[in-house]
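Chain letters run A, B, ... following the sequence lines, proteins first and then strands; every chain starts at 1. What you are looking at is a predicted structure, and each value in this text was computed from that prediction instead of being measured.
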Number of protein chains: 2
Amino acid sequence: MSKTETRKDEIIRVAARLFKEKGYSAVTMRDLAAEMGIKAASLYNHINSKQDILDEIIINLAEAFTAGMKEIQTSDQSCIGKLKEIIELHVKLSSQNIYGMASLNNDWMHLTEKRAYYKKLRTDYEDDFRHILEEGITSGEIINEKPEVMMFSILTTLRSLYIWIPKKEDLDLKELTTSLHQILITGINK
Amino acid sequence: MSKTETRKDEIIRVAARLFKEKGYSAVTMRDLAAEMGIKAASLYNHINSKQDILDEIIINLAEAFTAGMKEIQTSDQSCIGKLKEIIELHVKLSSQNIYGMASLNNDWMHLTEKRAYYKKLRTDYEDDFRHILEEGITSGEIINEKPEVMMFSILTTLRSLYIWIPKKEDLDLKELTTSLHQILITGINK
DNA sequence: TGAATAAACTAACAAGTGTTAGTTTGAAAT
DNA sequence: ATTTCAAACTAACACTTGTTAGTTTATTCA
């Protein structure tokens, strides 16, 4: 299925790692080239611009989240069940794209032509998320607290997983998912 | 008490706002000067370097969090009570330093001489936080879940408040604190 | 009035920026 | 053996970067 990694893919993968460490603006094409073991000009045999690298990293990931949310929306799960699926989606995509998640969270403002599109994807995602919470309140599954604050709390935790996952060497993702479900939904007090 | 804002303070305040919008590396001294209505070279009558601006923003805030935590540690509250105080601390400092919080979260890696000191403050803060959770587990106040995951979940939410607070125009901070206490500690399910 | 001071200015610098043009290399395919 | 082609190279460009030096301006205080 998935083709072997092209040189372009490799450049984008290495770039994402550097972007996570220093941020998009602080990474120069010469930094990236050095990391690849080549000269800066050689990068342009494979990519069109520095901007294109960022676009590809962010848009690919944002669309993956959108696709995941669309699938969850059409599932026949309860509200709490859907929330659990959202947690699973974030754990999966974050653990598979540790470096890309940093750009998604911190460097989206450096998008240019693609920025409006990215923001629409993000807004739609949040609207879908909020809607699930509102249904849960109506059906009595979850507490009658402001959906906005609940969403903010859960979503910022999930969006920050990329910071935290790589620090835990002995990390079982299934176990992490269970813990997050417990903590984010059931709470921590006895 | 608090002196009237000096020109230096004003520069740092405006810089923090620009750093939040574009990140430290993407803000040039000419950007900052233009925002102040002066020329870039004139900034150097008041500050020593771009680096110094970042240092001041981040270290001041990090030390404020440390001071707050030290006070909470010595309070005679229960574990849950201390957690509530931590939430209050974050709501207070975040709402008072919306722009600075962005640098604290996203631009600390651009510290140079001060980076080690910053990281120590952050590590100590997290150790103190974790210790409170561990005591709560021992005393039976909170569930026996991994303290690391609980701390991560609560702390990333609190650290992201700066993103979210300015978006809500009709925001009562007391009300926000109550909501966060409910959601982060008691959970969202009925 | 004259001195002092804060805060702006112009001009310039050395280094670094993303990117382009044209060329060379080395291996695979004919 | 010759052609093809991906992928590297050198050299250079126009522009931007943080910062310094030296100077001017306007206000405050003796």
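By the neighbour-count criterion of 12 heavy atoms within 6.0 Å, atom CD of A/E71 is sparsely surrounded, having that number or fewer from other residues, nucleotides or ligands. No more than 12 heavy atoms of other residues, nucleotides or ligands sit less than 6.0 Å from atom OH of B/Y99. In B/H131, the NE2 atom is not crowded: 12 or fewer heavy atoms of neighbouring residues, nucleotides or ligands sit closer than 6.0 Å.
Checking the phosphate oxygens (OP1, OP2) of D/dA6, no side-chain nitrogen or oxygen of A/H46 falls inside 4.0 Å. Close to C/dA8, at under 4.0 Å from its OP1 or OP2, lies a side-chain N or O of B/R7. Between A/S42 and the phosphate of D/dC9, there is a side-chain N or O to OP1/OP2 separation shorter than 4.0 Å. The side chain of B/K50 places an N or O atom within less than 4.0 Å of a non-bridging phosphate oxygen (OP1 or OP2) of D/dG18.
The 5' end of DNA chain C is approached more closely, in terms of each residue's nearest nucleotide, by B/A40 than by the other of B/A40 and A/S49.
Checked by distance alone, A/R30 brings no side-chain donor or acceptor within 3.5 Å of a matching partner on the base of C/dG16. For B/N45 against C/dA6, a side-chain-to-base donor-acceptor contact under 3.5 Å is absent.
Inter-residue side-chain proximity for B/T66 and B/D124 is flagged as unmet; no heavy-atom pair is nearer than 4.5 Å.
Using a 4.0 Å heavy-atom distance criterion, A/T28 is classed as a sugar-phosphate-only contact.
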